[in-house]
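Written below as structure tokens is the structure these notes are about.
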Amino acid sequence: MFGVDVGGTFTDVVAIKDGKAQVTKVPSTPHQPELAVLEGAKRLGVEGSPLFNHASTKGLNAVLTRSLPKVAFMTTDGHRDMLDAGRGWRPFDGMLNPHWRRPFGDASGRPLVPRYLRRGVIERVLASGEVLTPLDEDNVRRHLALLKRCDIDALAVCTINSYVNPVHEFRIKELAEEVLGDIPISISYETVPRAKEYARASTTVIDAMMKLMYADYASSLSDGLKDLGFDGDLNFADCTASLLPWDEALRHPYRIIFAGPAAGAASCVQLGKAVEAPDLICCDVGGTSTDVTLIRDGATFTNESFDLEFDLAVNALSTDVSSVGAGGGSIISVTSTGDIKVGPESAGSDPGPACYGRGGTVPTVTDACALMGILDPNDFAGGQMQLDLDAARKAFESLDTPLSFDQRIRYAYRIAVHNIAEEVANVAIARDADPHNFSLVAYGSAGPMLIAPALEILDVKSIIVPPNPGLFSALGLLSTDMVYGDSRSVYLPIAPDSAGQLNEIFEALEAPLVAKLPAGVTPTVKRTMDGRLFGQSWETPFVDVPNGTIDESTIPTLVANFHEEYERRNGLAFPQIPVQGVTYRVQVFVPMQRFEYTPAPDTTPAEPSPTGYRTIHYLREASVDAPTYDRATLDRGAKVIGPAIIEEELCTTLVMQGQLATVGAFGEIHLTELEKGPGK
Amino acid sequence: MTITADGVQAGTTHERKLRDLDDESFFERFACDRYTATVLANRFNYILEHVSTRLLTGAFSPMLRDLYDFGATITGPRELDYPTPVVGKGLLLFTGTMTESIKNSVEEYGVDRLRPGDVLIANDPYRTGTHVNDVLFIRPVFDGSRVVGYTTIKAHQLDIGGSVPGGFSVTKTSVYENGLVMSPRLLVRDGDIVPETWSLIMDNARFGELLGADIQTIISCLDLGAGLLQASVEHYGADAVLGTMQYIVDADAERMTEALERLPDGDYTGEGLLDADGSSADEEFPIRVTLRKRGGHLEVDLSDTSRQARTSINATALDAKTAIGVALKFLLDPDNNFTSGLYRCIDIALPDASIISAFPPEGVVFTYGEPTNVILTSMMRALAAPLGELALAGDFGSPNMHTGFGQHESGRPWVSTGVGGGEHGPWGATRVGDADSFMLFMQVNGLAIPIESSEADAPLAVLRREYLTDTAGAGYNRGGASVQKDTKWLAPAGHNPLTLRLKEETGFGANGGEDGVRPAVWLWPDGDQSGGYGTATRVAGVFNDETGERDANGTYEWFGREKTWAADAGAVFRYITGSGGGWGDARTREPQRVLRDVRDGYVSIEGARTTYGVVISGDPEWDPEGLVLDEAATAELRGNN
């Protein structure tokens with residue numbers, strides 16, 4: 001089976017054959033991402049493989065760079081500016097900045113849909129579902145005729161209160177099919193029938209765009225794989241890294257727009273099962289940023305929506321991932337008062353760090369690591385690149401600061417680690433988790449070279465560096481289930497009188513999902529509800545709802561489940577306040593074939609034997625000579641005392657003085673403080 | 001009143017710039033090296049991020065959760081004169097009040113009486129700024145017996161007693177109807193709730209259960225923050241922690257001084273107006289600022305400002321201080337966080353018992369953001385000329401909040417606040433670009449209530465929430481456009497419009513840009529809008545006597561002439577917000593950008609010709625891609641003007 005994770009710089013490919021992981025990294029081909037995917041499939045031999053699971057960033061990149069098709073938006077007359085207004089707020093960092101602009105607003109010049117293609121049509125439905133103003137079909141036809149003349153590629157429709165009564169949206173869709181012919185049309189009720197118009201509208205627009213972006217892509221990928229002899233199942237991962245058959249994914253492709261970070265977290269869950277560590281903090285250090293995810297009791301947290309950019313909302317279920325602008329490519333700069341600052345700007349992959357020798361002149365975290373001696377200048381990225389230390393040195397010398405050269409590098413490296421560590425702490429505290437009970441999993445190609453000092457800063461149990469840290473996320477695509485899901489919103493008091501209506505809603509959601517399943521599959525059905533206390537403006541998501549018929553006797557359980565979930569999330573409960581249901585959700589889980597870690601034989605390990613020595617500068621006041629090891633030669637149970645450098649093809653792990661690296665049963669490295677010892 | 005507390009070591013001048021300090025002199029001044037100072041400064045920010053995150057996750061009140069109506073700080077100890085080196089993710093409205101509010105509370109209570117595990121509270125606006133609903137919670141952090149700092153939260157409570165549930169009203173006439181006033185006292189002693197303080201709050205405030213829960217959450221947030229600060233003290237030492245606090249405010253002071261030095265010396269004036277208070281329309285409340293800028297020093301003189309209002313639209317001196325600091329950050333240092341150090345080179349003069357430095361008991365304070373927003377925009381106006389291209393245009397000026405209320409058929413009461421008015425509107429343009437049209441006004445921030453949620457909660461339908469053509473202040477960069485909101489109320493209801501700034505264009509232009517337009521409010525009692533403004537009731541604004549449209553030379557109508565505006569089911573209220581000012585000469589805007597604005601309905605064909613000097617033909621509404629830009633005619637038109 002194959003897992004493929006397309007990133008900005010590299011496309012990571014993992015193949016499991018006879019229980020063993022084979023990996024390769026192919027430079028990404030942003031304009032035709034399938035080329036890199038197919039190249040990877042070819043390299044590792046996709047013929048005969050039963051599964052090809054894919055996480056794509058094609059849609060996300062298109063949104064971030066606004067390389068988007070021409071999509072029109074149709075809504076209720078008077079409301080076309082909801083796409084400009086968003087939720088009307090500013091980020092904290094922009095509060096004192098009068099130049100801040102909503103990144104997708106008309107004023108920014110970067111709206112997803114320009115205002116003249118946002119059309120209000122005469123109709124209005126009330127919150128009760130009652131029609132206040134009937135749909136004026138002549139008016140709709142007139143707008144559609146205009147959009148036809150404008151030669152739009154796709155249409156998104158979201159009218160006010162359509163989540164309660166979609167009659168007008170459905171009719172608009174019929175008229176649009178008549179007038180516009182065979183172009184993708186997304187209506188909000190079919191896309192994501194949840195209350196709160198802006199996020200529903202924004203999701204519907206993204207969905208229409210993704211239909212265009214992914215239809216051709218998926219078919220050329222599928223054809224390409226067939227040419228390579230693949231006749232298994234092609235699946236896309238969604239934003240929780242759950243899998244969808246590609247034709248199902250294409251029905252509502254907004255769900256697959258951002259799967260990479262979720263795949264990394266899923267990979268951590270799988271690793272956690274193997275090493276019997278149910279509580280983990282995942283730390284994926286990439287070129288521009290670090291993604292942090294908390295795993296408790298072997299599960300990630302799921303959100304019911306996320307933002308692609310600030311406030312650019314997508315109502316897709318997504319793994320809770322938080323991000324900080326610190327990675328290998330983060331730029332080192334100097335503040336007006338002479339202090340070192342790391343990020344949030346990044347040198348990206350082009351020109352990249354100065355030491356890449358591609359014309360970069362500003363220093364980055366990777367340059368610091370190169371100058372420190374953590375990275376081998378002669379054997380970087382599997383020998384694909386020679387590092388230009390002179391360029392790195394010049395970049396640091398060019399900084400305008402009273403700090404000495406040593407200080408610049410030491411401070412830059414340490415501050416980068418600090419920024420990552422603080423984000424880790426932030427994620428833990430937000431979930432009321434004590435880091436002391438968690439291990440930190442460091443992956444992404446820059447993770448293992450940066451993470452060691454975090455052991456001093458954070459009071460975590462240990463740091464785990466998985467095998468193939470640079471391709472660890474792709475492995476997550478071989479670690480999840482297939483999930484079919486649907487949801488809808490109705491504001492309903494959770495009271496005996498509502499039982500009948502709740503039952504109808506859940507049955508109506510569930511039946512079509514189960515009907516989709518291939519014969520002979522025994523699915524697990526999971527029902528949840530997003531509800532709120534009366535008077536609150538926000539919902540508490542994923543309250544458990546019992547399966548089967550819902551009647552009056554079910555209601556107390558439902559109310560109790562709500563209060564329990566509320567307390568679990570917020571630490572407080574308000575059982576005296578009545579509960580209102582808002583969104584109801586059914587997910588059908590179909591188990592998939594997965595990658596399973598297999599332990600190495602538990603024999604006496606060979607004494608680790610250094611491949612050489614490198615001097616590490618600037619880490620502390622004095623330089624220190626550190627032995628280097630080839631990770632592939634370290635047996636299960638092998639112990640390496642820091643300072644040391646453990647090298648593998650695409651990654652370098654630093655072990656600091658006072659730290660112990662122990663190789664685990666699955667090839668993973670556990671970093672602990674020497675005085676504490678492993679697992680203490 | 002003259003405010004002199006301006007951060008740490010007021011009046012101290014250092015000859016060497018911070019960036020020029022070598023290791024030794026840096027250590028001498030701040031008791032740590034630069035690396036430690038950077039790490040600790042970052043840590044302080046994260047501590048408050050943790051505190052804010054927990055508060056936002058745990059709070060019941062939408063005032064906190066959606067509107068961020070709180071302030072949080074790490075505050076330095078008495079030995080540093082209570083500086084604010086870092087603020088949390090709350091509102092700007094709180095920032096400038098925090099140094100004195102904590103200092104006043106701690107000093108009055110007695111710093112020597114504080115013990116680890118205590119939480120001190122206070123909410124008297126004349127001691128702590130903002131309004132009575134904002135309760136200040138102060139948690140001391142100790143290193144042995146030495147107080148090394150405080151973690152604090154000042155948070156808006158859903159209710160604090162008084163004559164109006166929730167408190168939002170512009171008609172309260174004395175502090176005695178405003179709500180419970182608490183002088184500084186302990187809420188928590190050695191980790192345990194002080195029952196007499198707890199009961200005092202619960203006996204006076206409405207919604208006690210919710211309030212109590214949120215107060216518990218706040219205490220746990222402060223414990224968290226204090227624990228994290230304590231850990232920093234243990235790891236880096238108290239001297240390094242205090243040194244870093246000092247360093248952060250010194251750096252901010254230095255940046256502000258340098259920014260002022262770059263401005264030409266001179267005296268600059270600006271002003272703005274509140275139309276009336278809640279008692280009658282017979283008195284206007286102008287706010288006037290004179291800025292005297294010399295070298296790296298600035299005097300902000302608001303002496304020529306009107307006396308305090310007779311109802312609850314006043315602000316305190318500390319709120320004036322906040323607005324002044326926010327204005328200076330906006331104008332001179334928008335990329336760095338707020339700290340109390342920015343005030344070190346600023347002197348502020350405020351007239352006693354004025355609308356911006358009100359005195360008890362008559363100078364009652366509630367909607368303090370209205371007068372202080374005038375201070376902010378008056379400062380922006382005053383510095384527009386010396387700043388030139390760096391100047392900022394004005395925003396829509398006032399939240400124009402609407403409250404509707406009534407009873408469901410079941411008899412259950414409903415209330416809808418902040419939905420049916422002009423709560424969100426446009427900002428002004430800057431050198432960076434055009435302005436957004438849908439924001440809260442400048443010192444606040446928060447999530448707009450979704451239309452569908454508001455309609456599920458109360459009997460109303462927002463028929464229209466859309467930007468208006470030809471309203472955005474013209475300029476090389478244009479301001480945001482007016483928002484028109486028509487709300488149909490589906491049940492008989494009472495309505496309270498709260499509109500204090502309708503007599504002037506608050507969205508003034510900058511750097512040669514043009515002013516925006518004024519706001520106004522109408523009502524169609526039977527909901528039939530077919531007769532246009534001629535059949536509408538003029539609720540608030542300045543109107544043409546004949547047509548009922550907005551007219552700068554028309555007649556002012558005061559919102560308060562009905563105590564409550566009663567309306568039958570089906571009535572429609574219309575709010576049109578003011579618009580944002582433009583930046584730069586409109587006739588230099590690239591014709592292609594004007595064409596885009598015409599295509600998008602921000603500017604009409606006529607507006608393009610008369611205001612921008614750009615000649616466009618076609619039908620923007622029904623043939624937007626068929627518009628034709630006549631470059632020759634445009635060149636001629638622009639050349640001839």
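Below, chain A is the first sequence line, B the second, and so on; all start at residue 1. Since this is a predicted model, take the numbers as computed values, not measurements.
Contacts between Leu56(B) and chain A at a heavy-atom distance below 4.5 Å are absent for every atom of the residue. Contact annotation for Asp23(B): only side-chain heavy atoms (C-beta onward) come within less than 4.5 Å of a heavy atom of chain A. Only the side chain of Gln407(A) comes within contact range of chain B, with at least one heavy atom under 4.5 Å from a heavy atom of that chain. For Leu392(B), the part sitting under 4.5 Å from any heavy atom of chain A is the side chain, from C-beta outward, and nothing else. Only the side chain of Arg200(A) comes within contact range of chain B, judged by heavy atoms closer than 4.5 Å. Only the backbone of Thr335(A) comes within less than 4.5 Å of a heavy atom in chain B; its side chain stays farther off. Contacts between Tyr566(A) and chain B at a heavy-atom distance below 4.5 Å involve the side chain alone, from C-beta outward. Heavy atoms of His424(B) lying under 4.5 Å from chain A belong exclusively to its side chain. Both the backbone and the side chain of Arg90(A) come within less than 4.5 Å of a heavy atom in chain B. Residue Arg410(A): no heavy atom, backbone or side chain, is found under 4.5 Å from chain B. Contact annotation for Val483(B): neither backbone nor side-chain heavy atoms come within less than 4.5 Å of a heavy atom of chain A. Looking at Thr38(B), only its side chain comes within 4.5 Å of chain A, counting heavy atoms on both sides. Heavy atoms closer than 4.5 Å to chain B are found in the side chain of Ile457(A), but not in its backbone. In this structure, the portion of Arg54(B) lying under 4.5 Å from any heavy atom of chain A is its side chain and not its backbone. Residue contact with chain A, scored on non-hydrogen atoms closer than 4.5 Å, involves the backbone of Ala59(B) exclusively. Heavy atoms of Arg65(B) lying under 4.5 Å from chain A belong exclusively to its side chain. Residue contact with chain A, scored on non-hydrogen atoms closer than 4.5 Å, is absent for Leu331(B). Thr75(A) does not touch chain B: none of its heavy atoms, backbone or side chain, sits under 4.5 Å away. In this structure, chain A has heavy atoms under 4.5 Å from both the backbone and the side chain of Arg599(B). Looking at Leu490(B), only its side chain comes within 4.5 Å of chain A, counting heavy atoms on both sides. If you measure heavy-atom distances from Trp622(B) to chain A, the contacts under 4.5 Å come from both the backbone and the side chain. Using a 4.5 Å cut-off between heavy atoms, Tyr491(A) contacts chain B through its side chain alone, with no backbone atom that close. Within the 4.5 angstrom heavy-atom criterion, only side-chain atoms of Val324(A), from C-beta onward, approach chain B.
Per-residue counts of heavy-atom pairs under 4.5 Å with chain A were compared for Leu21(B), Thr53(B), Leu92(B), Asp395(B); the largest is that of Leu92(B). Note on Arg87(A), Glu422(A), His418(A): by heavy-atom pairs under 4.5 Å with chain B, the leading option is Glu422(A). Counting heavy-atom pairs closer than 4.5 Å to chain B, the top residue among Thr76(A), Val164(A), Asn419(A) is Asn419(A). The greatest number of non-hydrogen atom pairs below 4.5 Å with chain B, out of Ser489(A), Ala425(A), Gly88(A), is found for Gly88(A). Between chain A and the options Glu621(B), His50(B), Lys329(B), heavy-atom pairs under 4.5 Å are most frequent for His50(B). Put simply, of Gly601(B), Ser437(B), Ala435(B), the one with the most heavy-atom pairs under 4.5 Å next to chain A is Ala435(B). Note on Asn161(A), Ile429(A), Asp400(A), Thr337(A): by heavy-atom pairs under 4.5 Å with chain B, the leading option is Thr337(A). Among the candidates Ala456(B), Pro459(B), Gly480(B), Pro62(B), the residue making the largest number of heavy-atom pairs closer than 4.5 Å to chain A is Ala456(B). If you tally non-hydrogen atom pairs under 4.5 Å between each of Val582(A), Thr401(A), Asp106(A) and chain B, the highest count goes to Asp106(A). Per-residue counts of heavy-atom pairs under 4.5 Å with chain B were compared for Ile577(A), Asp339(A), Asn426(A); the largest is that of Asn426(A). Contact count against chain A (heavy-atom pairs under 4.5 Å) is highest for Gly88(B) among Ala41(B), Ala37(B), Gly88(B), Ala472(B). With chain A as partner, the option from Gln443(B), Arg431(B), Glu254(B) having the largest number of non-hydrogen pairs under 4.5 angstrom is Arg431(B).
To the nearest 0.5 angstrom, Glu625(B) atom CD is 9.5 Å from Leu147(A) atom CG. One distance of note links CD of Glu197(A) with CZ of Arg465(B); it measures 6.0 Å at 0.5 Å rounding. Note: Ile451(B) CD1 to Ile160(A) CD1 = 4.5 Å, rounded to the nearest 0.5 Å. We find the CD-CG distance between Glu452(B) and Leu126(A) to be 11.5 Å, quoted to the nearest 0.5 Å. Separating the CG atom in Asp619(B) from the CG atom in Leu146(A) is a distance of 8.5 Å, to the nearest 0.5 Å. With values rounded to the nearest 0.5 angstrom, Asn45(B) atom CG is found 7.5 Å from Phe92(A) atom CZ.
Side-chain contact between Ser336(A) and Arg19(B): absent, with no pair of heavy atoms (C-beta onward) separated by less than 4.5 Å. Here the side chains of Phe26(B) and Leu403(A) are not in contact, with every heavy-atom distance at 4.5 Å or above. The side-chain heavy atoms of Trp89(A) and Asp66(B), taken from C-beta on, include no pair separated by under 4.5 Å. Annotation: side chain of Val125(A) is not in contact with side chain of Glu455(B) (no heavy-atom distance under 4.5 Å). Under the 4.5 Å side-chain criterion, counting only non-hydrogen atoms from C-beta, Met95(A) is not in contact with Tyr68(B). Residues Arg34(B) and Pro402(A) are in side-chain contact: their nearest non-hydrogen atoms beyond the backbone lie under 4.5 Å apart. The shortest distance between side-chain heavy atoms of Phe330(B) and His99(A) does not fall below 4.5 Å.
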Handout entry: CA sep, side-chain torsions, deciding dist, call: Asp600(B), Arg118(A), salt bridge (charged side-chain N to carboxylate O under 4.0 Å, His left out)
Key = CA-CA 9 Å; Asp600(B) 282 345; Arg118(A) 310 199 297 256; over 6 Å; no

Problem - From CA spacing to verdict: salt bridge (charged side-chain N to carboxylate O under 4.0 Å, His left out), Arg532(A), Asp457(B) - result: CA-CA 12 Å; Arg532(A) 63 178 184 174; Asp457(B) 288 345; 2.7 Å; yes

Exercise for the section: For Asp436(B) and Trp100(A), run side chain to side chain contact (heavy atoms under 4.5 Å, CB included): C-alpha distance rounded to whole Å, both residues' side-chain angles, the deciding distance at 0.1 Å, then the answer. Expected result: CA-CA 9 Å; Asp436(B) 283 322; Trp100(A) 184 86; 4.2 Å; yes

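Within the cation-pi definition used here (under 6.0 Å to the ring centroid, within 45° of the axis), Arg115(A) qualifies as a partner of Tyr602(B).
Across Pro98(A) and Trp427(B), no two heavy atoms sit closer than the pair CA-CZ3, 4.2 Å.
Among Asp77(A), Leu132(A), Thr133(A), the one residue that satisfies the side chain to side chain contact (heavy atoms under 4.5 Å, CB included) test with Leu463(B) is Leu132(A).
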